[in-house]
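Here's the structure we're looking at; comments come further down.
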Amino acid sequence: MQKVRKAVIPAAGLGTRVLPASKAMPKEMLPIVDKPAIQYIVEEAVRAGITDILIITNRGKNIIEDHFDHSVELEERLEKSGKTKMLQQVRAIADLANIVYVRQKETKGLGHAISCARSFVGDEPFAVLYGDDVIIGEDPACGQLCRAYEEYGLGVVGIKEVPREQVARYSSLKVDPLHDLLFRVTDMIEKPAPGQEFSLYSILGRCVLPPDIFEILDHTAPGAGGEIQLTDAMKELARRDSMIGVDFTGKRYDMGNKLGILQATCEVALQHPEVADDFRAYLKELVKTL
Ligand code: UTP
């Protein structure tokens, strides 16, 4: 089976749930302690063996390109002042992967954003990592999905069970267990109304798709929220060939909502070599006052 070496990161959404922070600053650039969310996502893809990445951006998201480029002035200053470790870190960001960009000219939904990746993807399978979903774990979630693609040769979605009261915000999948954390997925619905759920398994943040998805997206009509939904296109794929669901290991943080940002900051800070001890001591004092 063909190896997955390309990834697409859609980062052109309006981020209305995290306004006003996302008015001029893309939510994908919001930091978790000292790194923007999208850098965690690029690093996950690279650890999974991805070599070529397309980031879908739009007006006002140039700082994403700047972040993954060299910053000559800054590098010179760090070099002159002997800050070698920081210099290495800053340089490494620009060398992470071969990253290219395309603009989604109108914000018409995630499915529409993915259709902008057609010429980059060509005739290969590709991974999609949602730009506001950070997943932290030893075994990169994207790699777990790529291995399932290489095993079955079918589209793969990253799945997790969500609380019943939250499933209407996500999607709901019809699943049958295969082995370990793998499932066969034969149907799905985006943002199910009460009673429409197949299960509490939802697609969360990652998928690996065959290039056939582009023909399906060509005729996918606007769905929930008037947007062209990627789930609606994947539903056609699942009904046609079936797909694979991977209940991935790793902790997911939704950087598209305020509580998710706070959880990510808190939990990553507690593991961060520079600040963990002081932050833990601070939190212990703080909880006494709650
Ligand atoms: P979301 O639905 O979570 O992002 O899409 P959003 O539209 O910015 O969310 P709201 O406004 O807070 O409800 C998941 C990912 O897909 C990207 C987003 O940037 C996010 O990373 N996306 C979404 C696009 O690239 N284009 C779109 O038209 C919609």
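Just follow the structure's listing: the first ligand is 1, and inside any ligand the first atom is 1. Only heavy atoms go into these numbers, but all of them, side chains included; no hydrogens, no water, no symmetry mates.
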**OP:** Mark the output for Lys27 as yes if a heavy-atom distance to ligand 1 is under 4.0 Å, and as no if none is.
**Re:** yes
Original post:
Any idea how Tyr201 and Phe183 line up, ring-wise: parallel (<30°), tilted (30 to 60°), or perpendicular (>60°)?
Top reply: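 The arrangement is tilted - the two ring planes meet at 30° to 60°.
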What protein heavy atom lies closest to [atom]? Include the residue and the distance to one decimal.
| atom | answer |
| --- | --- |
| atom 26 (N) of ligand 1 | Gln104 OE1, 2.7 Å |
| atom 23 (C) of ligand 1 | Gly13 CA, 3.8 Å |
| atom 13 (O) of ligand 1 | Arg17 NE, 3.1 Å |
| atom 15 (C) of ligand 1 | Asp132 OD1, 3.9 Å |
| atom 11 (O) of ligand 1 | Thr16 OG1, 2.6 Å |
| atom 16 (O) of ligand 1 | Leu110 CD1, 3.4 Å |
| atom 17 (C) of ligand 1 | Pro10 O, 3.7 Å |
| atom 28 (O) of ligand 1 | Gly109 N, 2.8 Å |

Original post:
Centre of Tyr170's six-membered ring, under 6.0 Å away, within 45 degrees of the axis: is that where NZ or CZ of Lys191 sits?
Top reply: no
Original post:
Would you say the side-chain atoms of His272 pair up with the backbone N or O of Glu274, donor to acceptor, closer than 3.5 Å?
Top reply: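 Side chain of His272 to backbone of Glu274: a pair is present.
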Original post:
For Tyr101 and Phe68, what are the C-alpha separation, side-chain angles and deciding distance, and is it a ring pair (Phe, Tyr, Trp, His ring centres under 6.0 Å)?
Top reply: CA-CA 11 Å; Tyr101 303 86; Phe68 291 106; 7.4 Å; no
